[in-house]
Number of protein chains: 2
Amino acid sequence: MSVTLKDVAQAARVSVSTASRALTGTGLTSERTQQRLTRIARELGYRPNPIARGLKTGQSRLVALLVHNLTNASFQVMAEVVQARLKALGYQMLLCIGGDDPEQESDTLTTLVDHRIDGLIVVPTGKNGTQLKALAKDVPIVCLVRRDDATDLETVLADDPQGAYLGTRHLIELGHRRIGLIVGRQDTTSGRERLSGYVRALREAGIPVDDTLILAGHFVPETGATCCRKLLDLPRPPSAIFVANHEATLGALRVIAERNIAIPDDLSLLCYEDMPWFEWHRPAISIVDNGAHDLANLAVDRLLHRMDAKGNGNDGVREYRVGARLVQRDSCRRIEAAPPARSGKPRSSPSRSSASKLSASKLSASKSAKV
Amino acid sequence: MSVTLKDVAQAARVSVSTASRALTGTGLTSERTQQRLTRIARELGYRPNPIARGLKTGQSRLVALLVHNLTNASFQVMAEVVQARLKALGYQMLLCIGGDDPEQESDTLTTLVDHRIDGLIVVPTGKNGTQLKALAKDVPIVCLVRRDDATDLETVLADDPQGAYLGTRHLIELGHRRIGLIVGRQDTTSGRERLSGYVRALREAGIPVDDTLILAGHFVPETGATCCRKLLDLPRPPSAIFVANHEATLGALRVIAERNIAIPDDLSLLCYEDMPWFEWHRPAISIVDNGAHDLANLAVDRLLHRMDAKGNGNDGVREYRVGARLVQRDSCRRIEAAPPARSGKPRSSPSRSSASKLSASKLSASKSAKV
DNA sequence: CGATAGACTGCAAACGATTGCAAAAACGCT
DNA sequence: AGCGTTTTTGCAATCGTTTGCAGTCTATCG
């Protein structure tokens, strides 16, 4: 059906081996025949068959990216970045969706190595450590965003402690003292790490950590909504909420809208991870950007490195952290006269709680206005 | 490194060919050896090498899906659906991102056929018709969502005329007479088709088509915002806006928020295509669902059919339309006393324009309330 | 009991490339 | 011209499967 190396060789009246060497540029051919063959190959429209080549060389020019889903905006950018980078290098990306399900992950992993992929970037569920470890002997692997504790795989992580710290500090600098935190399950790394960053920022500012302001759980939007309600219903509700969990943001926003709470006037809102519509939302939502772009790029870098190094790309470093970045938009507001410079102690809280009460009255006011 | 067929054969003291036949179930083996071999294969952890098999059979068990991006929610669900379906059948999905760029599309297409993919589902840019046509000789291809007029490829399309009709009719049934339309470029199929559905619904209801209410353009969120402003600034602004373009929705929402227009009280809003956060938005946004799920499923069905049929899966049908569906949420409201049954003529418009004026006064009211 | 059909099995040639090894050609030098 | 070197080429094996063909076995029947 298609033009094979043999055809090219015949047309050029040389042997297949010469043709192969000339076209792959494996040194041992004369300049002249090399050029002649490339020309003939082009004329004939020859395209090497990666399958046949792969059989011999054990390589497939296929690199897989295994993520949990495509709904998550971070995974989207990562997929796009990885695809773009790999393509430029002549690799095809095999994008797989594991749904954060260990069984699916395991299945996919085996099919992938069957297909003799040349490399793998994976967001591990954390439940297939032994399998991953075994595969790592055959294929260069880089873990992304999540660590699999059962392995010693090279891992590219977001700097969640720093991100959460950055976000919390931002709110503190704006004068907030009661900052609600809606955060992921504490049995996930990101859940723990984000909480720790939050705590550190508070400690550093000499603000006592109030446990009633910290809500953690296995998140879906519904839970986000519940948590947000709990925070707002507190006798002394927070003046700012830091939603440090991707899924929870939707629920929180809904509750805020339902109660007609004005952002940032009645409440400051800061979210973790960007979504394309956040900057179109009104008010545009300030975020801590986990650096999905950089994460993906670094992961690709590391993977390529290992692929080049043929088995011992092992530089001693096991873990890379990509810095988070604060993106200020319009959902956080400075409250009352915060000390302009770092002098004097933070004020006490009574006026803040009155601000929250204002929100309650505002709620009924706007409701009646609508009728 | 890994267990090959030869190893299995040796362990079972049979020839490679027998092993092959036993394991692939190609008839000609005795029940007994077949079972024995499957057992041994399992014990040894034998996994057939798809590359070697592919070389011989010309198949790769790889099916590619080529979409424009992953930001578009429709493409996300399609990717997830296709992946899930294919996986269940033992295929791996090769997800490629073409960025709606003809050159990239062309590149990707050639690499894909090089890799001897078994099938291809593509959202064509429409600029590589000849190439696609040529490839279709080697590989079963199904076009998705967009048609490539230069080819006669089997195509699975959303029923945009019907969707737009459905949406518009819904608004009309709610009593709206002045319905703004923000729609895509008229040189795209979907742009034209959505406009036509809108017009048909109006005609059918005996409502004159007012050109000033129809805004079309090459859309990005910014343009969506501009269009939305234009509509609202009209001397007689619409009482409902149908944003029939995915990208434009963000911009429109922002303008609505900026002007403090209450949905659905001051303005009804209906959008085309769903986004995961639409139902969490407050008010939850009513949409016309283009049926991404069904589209993807049908595309897979058709592709599989062609793949089975080995070249002549050609059933005569060239084009499939997947019905759109109206999903009512909270962003559209019945206005004034619309005729409860289909009797009498629609009322005239003065009261409606007063509704729009109300929105203007509301705007200043809420603004002052905030200060 | 021997012939013969039928069911299994094995040999060996593909598939399209890469690659070690040896032969051939080209070159430089005396 | 003859010889040793170096470069360039071709032969043939190989990667792990599948598959046509021929050979082997078993069973059945005359």
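Just so we're on the same page: letters track the sequence lines, and every chain starts at 1. All values below come from the heavy atoms of this structure, side chains included, with hydrogens, waters and symmetry mates left out.
For B/R116 and A/S2, the side-chain atoms include at least one donor-acceptor pair closer than 3.5 Å. Side chains of B/T18 and B/S15: a donor on one and an acceptor on the other come within 3.5 Å.
In this structure, A/D114 atom CG and D/dG16 atom C1' are separated by 13 Å, rounded to whole Å. One can place CG of B/L23 at 15 Å from C1' of C/dT9, the figure rounded to the nearest angstrom. Rounded to a whole Å, the CZ atom of B/R36 is 14 Å from the P atom of C/dC8. As a whole-Å value, the separation of A/E31 CD from C/dA26 C1' is 17 Å. Straight-line distance from the CZ atom of A/R116 to the P atom of D/dG16: 8 Å, rounded to whole Å. In this entry the distance linking NZ of A/K6 with P of C/dG16 reads 8 Å, nearest Å. The CD atom of A/Q35 sits 16 Å away from the C1' atom of D/dT8 (whole-angstrom rounding). In this structure, A/Q59 atom CD and D/dC15 atom P are separated by 17 Å, rounded to whole Å.
Within 6.0 Å of the NZ atom in B/K87, the count of heavy atoms belonging to other residues, nucleotides or ligands exceeds 12.
Summary of the strand contacts: B/A19 and A/T4 both lie near DNA chain C, and taking for each the nucleotide with the nearest heavy atom, the more 5' one is attributed to B/A19.
Between A/A11 and A/L44, the shortest heavy-atom contact is CB-CD2, 4.1 Å. Here the closest heavy-atom approach between residue B/L95 and residue B/V67 is recorded as CD1-CG2, 4.2 Å.
Dashed line: the shortest gap from a side-chain N or O of A/R53 to OP1 or OP2 of C/dG16 is not under 4.0 Å.
Without hydrogens or angle criteria, A/N49 side chain to A/A52 main chain gives a donor-acceptor distance under 3.5 Å. Formation of a donor-acceptor pair under 3.5 Å by the B/D148 side chain with backbone atoms of B/P124 is not found in this model. Side-chain atoms of B/S74 never come within 3.5 Å of backbone atoms of B/N72 as a donor-acceptor pair (strictly under, hydrogens ignored).
Scanning for side-chain contact (heavy atoms from CB on, under 4.5 Å) contacts around A/A22 gives A/T29, A/L37, with sequence neighbours left out. The salt bridge (Lys or Arg N to Asp or Glu O under 4.0 Å) check on B/E319 picks up B/R147, B/R321, with sequence neighbours excluded. Scored by the salt bridge (Lys or Arg N to Asp or Glu O under 4.0 Å) test, B/D114 finds A/R47 as partners (sequence neighbours excluded).
Within residues 37-52 of chain B, the residues having any heavy atom closer than 4.0 Å to DNA chain D are, in order of number, B/Y46, B/R47, B/P48, B/N49, B/A52.
An angle of 60°, rounded to 10°, separates the two end axes of the helix from C/dC1-D/dG30 to C/dT30-D/dA1, each defined over five pairs.
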B/S/- along nucleotides 19-25 of chain C (protein heavy atoms under 4.0 Å) is BB-----

